[in-house]
Amino acid sequence: MDAILDRNELAPFLKDADHVDIKKIDAHTSLRAFIAGMLSYYPWWIVTLYRLRELLVGLLGLVRHDKPETLPCLAAEDISFTPGERATFFIVRQADEENYWISETPPDRHLSAYFGVIMEKSDSAARRFTVFTAIRYLHWTGPVYFNLIRPFHHLVVWRMMKAASKNPVA
């Protein structure tokens, strides 16, 4: 596993994970602005994927979570670093404004997922952002669901990261 994820403070979120996805990108932005950029990225094709996901949720009998009335457009100051508070539908679990932000998806019966962003200084003036998703299957529908959405998960997360990297902070 990636060395950055061997950090002690991240261990509880990765322990017993059935799947861990790690992606990296360099950007000239803050951790808050990067997260806000990721969570505000909703092009038409992602909205369409979420609509298709609703069909899959119905077929597998999964929990239907409330949908927001409007898609969020978050500013850096909108991102909470307080455990237990929400950032869109994610629940903040642990955070350090200069280093990392870890959240969890709302409780579900098929799987649990942690979504984290780690910020480090890189060789250039930019910062390196490592984004991870750690999945634990809770029911037979967990691996079925995740393996169906996995190709889209990689695409969505990467595009969210690319969008977030274009939010420079002076």
Side-chain angles (χ1 to χ4, degrees), residues 1-25 31 34-74 78-95 100-118 129-164:
M1 192 174 301
D2 193 287
I4 190 155
L5 297 182
D6 290 336
R7 294 165 55 163
N8 289 338
E9 66 269 27
L10 303 179
F13 306 102
L14 302 170
K15 186 178 183 210
D16 301 324
D18 293 300
H19 175 82
V20 177
D21 176 49
I22 302 166
K23 294 178 178 14
K24 295 182 179 204
I25 194 168
L31 180 57
F34 186 81
I35 296 164
M38 285 189 72
L39 298 181
S40 297
Y41 183 67
Y42 287 102
W44 68 269
W45 61 271
I46 287 182
V47 173
T48 301
L49 286 174
Y50 281 122
R51 287 186 184 133
L52 292 172
R53 179 192 175 277
E54 285 298 310
L55 296 173
L56 182 60
V57 165
L59 288 172
L60 292 175
L62 306 179
V63 175
R64 291 185 186 270
H65 296 287
D66 292 336
K67 290 182 257 180
E69 294 286 322
T70 59
L71 297 175
C73 184
L74 303 173
D78 296 330
I79 301 300
S80 175
F81 275 66
T82 304
E85 290 188 358
R86 289 190 178 257
T88 66
F89 65 91
F90 291 103
I91 303 162
V92 178
R93 292 299 177 213
Q94 191 168 313
Y100 62 88
W101 183 86
I102 302 167
S103 65
E104 184 176 16
T105 56
D108 220 322
R109 72 179 198 106
H110 67 298
L111 59 76
S112 65
Y114 290 104
F115 170 71
V117 181
I118 301 134
F129 293 91
T130 301
V131 175
F132 75 86
T133 307
I135 308 286
R136 285 189 198 104
Y137 302 132
L138 305 175
H139 186 261
W140 69 265
T141 52
V144 171
Y145 168 80
F146 187 69
N147 284 305
L148 287 170
I149 70 157
R150 186 187 303 208
F152 305 105
H153 167 79
H154 291 294
L155 176 64
V156 168
V157 172
W158 180 246
R159 294 302 300 258
M160 289 170 71
M161 291 172 65
K162 292 287 283 180

>> Would you compute the distance between atom CZ of F146 and atom CD1 of I135 and round it to the nearest 0.5 angstrom?
In response: 4.5 Å
>> For L31 versus W101, what's the shortest heavy-atom pair and its separation?
In response: CD2-N, 4.3 Å
> Nearest heavy-atom pair of F34 and V117: which atoms, and what distance?
Replying inline: CD2-CG1, 3.8 Å
>> Just so I know, are the side chains of I35 and F81 near enough to count as touching, which here means a heavy-atom distance under 4.5 Å?
In response: yes
>> When you measure from the side chain of R136 to the backbone of Y114, do you find a donor-acceptor pair of N or O atoms at a distance under 3.5 Å?
In response: no
>> Looking at A87, is its backbone amide N or carbonyl O close enough to the side chain of S80 to form a donor-acceptor pair, meaning the two atoms are under 3.5 Å apart?
In response: no
> Sequence neighbours excluded, which residues qualify as side-chain hydrogen bond (donor to acceptor under 3.5 Å, both in side chains) partners of N147?
Replying inline: R150
> Which heavy-atom pair separates A36 from L74 by the least distance, and what is that distance?
Replying inline: CB-O, 3.6 Å
> Looking only at heavy atoms, what is the nearest atom pair of Q94 and P83, with distance?
Replying inline: CA-CG, 4.5 Å
> Does a side-chain heavy-atom distance below 4.5 Å link L111 with D18?
Replying inline: no
> What residues, two or more places apart in sequence or in another chain, satisfy salt bridge (charged side-chain N to carboxylate O under 4.0 Å, His left out) together with E9?
Replying inline: R7
> Can you tell me how far the CG atom of D21 sits from the CZ atom of F132, to the nearest 0.5 Å?
Replying inline: 11.0 Å
>> So, taking the atom named NE2 in H110 and the one named CG in L138, what distance separates them when rounded to the nearest 0.5 Å?
In response: 8.5 Å
>> If you apply the rule side-chain contact (heavy atoms from CB on, under 4.5 Å), what do you find for L10 with I118, and how did you get there?
In response: CA-CA 10 Å; L10 303 179; I118 301 134; 3.6 Å; yes
> Looking at T82 and V92, what are the two nearest heavy atoms and their distance?
Replying inline: O-CB, 3.5 Å
>> Once salt bridge (charged side-chain N to carboxylate O under 4.0 Å, His left out) is applied, do any residues pair with K162, and if so which ones, sequence neighbours excluded?
In response: none
> Which pair of heavy atoms, one from I91 and one from T105, lies closest together, and at what distance?
Replying inline: CD1-O, 4.5 Å
>> Testing H154, M160, M161 one by one against W158 for a side chain to side chain contact (heavy atoms under 4.5 Å, CB included), which residue passes?
In response: M161
>> Let me confirm one number: the OG1-CD1 distance from T88 to I79, rounded to the nearest 0.5 Å.
In response: 7.5 Å
>> Just verifying a value: how many Å separate L14 CG and I102 CD1, rounded to the nearest 0.5 Å?
In response: 7.5 Å
> If you round to the nearest 0.5 Å, how far is CZ of F115 from OG1 of T133?
Replying inline: 6.0 Å
